[in-house]
Amino acid sequence: QVQLVESGGGLVQAGGSLKVSCAVSGRTSSRSAMGWFRQAPGKEREFVAVISWNGRDNDYAESVFGRFTISRDNAQNTMTLHMNRLKPEDAAVYYCAAEIAYWRGRFSSNMAKNAIWGQGTQVTVSS
């Protein structure tokens, strides 16, 4: 059984940086892409970033492009999201997801229809 555990959320001032990580236990499929999503209060969960199984391809939501960087270490079974120049509108619960059917190019929501999700980690950005 695959389990995803996020860590690293917290409180940061606007303009600051934060890193959230996802630890994977259990066996995912050998070509499993992974990604980050977020959900703010009163809003639907939205896509943030995705990375292919080998780390060579990725995609970002326009709102975070150029500020966030996604990476993964398959040897350590971890995935990380580095968030820079944070804005108050970045505040949300951030969820890690695995078993995303992403290979390259632009992400579309149907690629995550069979995703496995973590429990989320809170990111708060003060203005």
(message) Please determine whether residues V50 and W117 belong to a single hydrophobic cluster, defined as Ile, Leu, Val, Met, Phe, Trp and Tyr linked transitively by side-chain heavy-atom distances below 4.5 Å.
(response) yes

(message) So that I know where these two stand, are F37 and F107 an aromatic pair - ring centroids less than 6.0 Å apart?
(response) yes

(message) Ring-plane angle category for F68 and Y94, please: parallel below 30°, perpendicular beyond 60°, tilted otherwise.
(response) tilted

(message) For A97 versus A115, what's the shortest heavy-atom pair and its separation?
(response) CB-CB, 4.2 Å

(request) To the nearest 0.5 Å, tell me how far M34 CE sits from N58 CG. (result) 14.0 Å

(message) Can you give me the closest heavy-atom contact between S52 and R56, atom names plus distance?
(response) OG-N, 3.3 Å

(message) Can a donor-acceptor pair be found, under 3.5 Å and without considering hydrogens, that links the side chain of Y60 to the backbone of S63?
(response) no

(request) List the atom of L81, the atom of A49, and the distance in Å for their closest heavy-atom pair. (result) CD1-CB, 4.2 Å

(request) Please answer: with hydrophobic residues joined when any side-chain heavy atoms are less than 4.5 Å apart, are F47 and W53 in the same cluster? (result) no

(message) How long is the straight-line distance from CH2 of W36 back to CD1 of I51, given to the nearest 0.5 Å?
(response) 11.5 Å

(message) Given 3.5 Å as the limit, does a donor-acceptor pair link the side chain of E6 with the main chain of C96, or not?
(response) yes

(message) Would a single hydrophobic cluster contain both M79 and Y102, if residues Ile, Leu, Val, Met, Phe, Trp and Tyr are joined by side-chain heavy-atom contacts under 4.5 Å?
(response) no

(message) Determine whether a donor-acceptor pair (N or O, by modelled atom type, separation under 3.5 Å) exists between the side chain of N77 and the backbone of S25.
(response) no

(request) Count the heavy atoms belonging to other residues, nucleotides or ligands that lie under 6.0 Å from CD of E89, then report whether that count exceeds 12. (result) yes

(message) Has R104 got a side-chain atom pairing as donor or acceptor with D57's backbone, closer than 3.5 angstrom?
(response) no

(request) Indicate if I100 and I70 have the same hydrophobic cluster label, given that clusters are the connected sets of ILVMFWY residues with side-chain heavy-atom separations under 4.5 angstrom. (result) no

(request) Working to the nearest 0.5 Å, report the span between CE of M83 and CG of L18. (result) 4.5 Å

(message) Quick one: does any side-chain atom of S32 pair with a main-chain N or O of E99 as donor and acceptor, under 3.5 Å?
(response) yes

(message) Do D59 and M111 have side chains that approach each other closer than 4.5 Å (heavy atoms only, starting at C-beta)?
(response) no

(request) Nearest 0.5 Å please: distance from the CZ atom of R72 over to the SG atom of C22. (result) 9.5 Å

(message) Let me confirm one number: the OH-CG distance from Y95 to L4, rounded to the nearest 0.5 Å.
(response) 13.0 Å

(message) Side-chain heavy atoms nearer than 4.5 Å, only ILVMFWY residues, links allowed to pass through others: does that put V93 and V20 together?
(response) no

(request) With the side chain counted from C-beta on, respond yes when R67 and D90 share a heavy-atom pair under 4.5 Å apart, and no when they do not. (result) yes

(message) Rounded at 0.5 Å granularity, tell me how far CD in Q39 sits from CD in E44.
(response) 8.0 Å

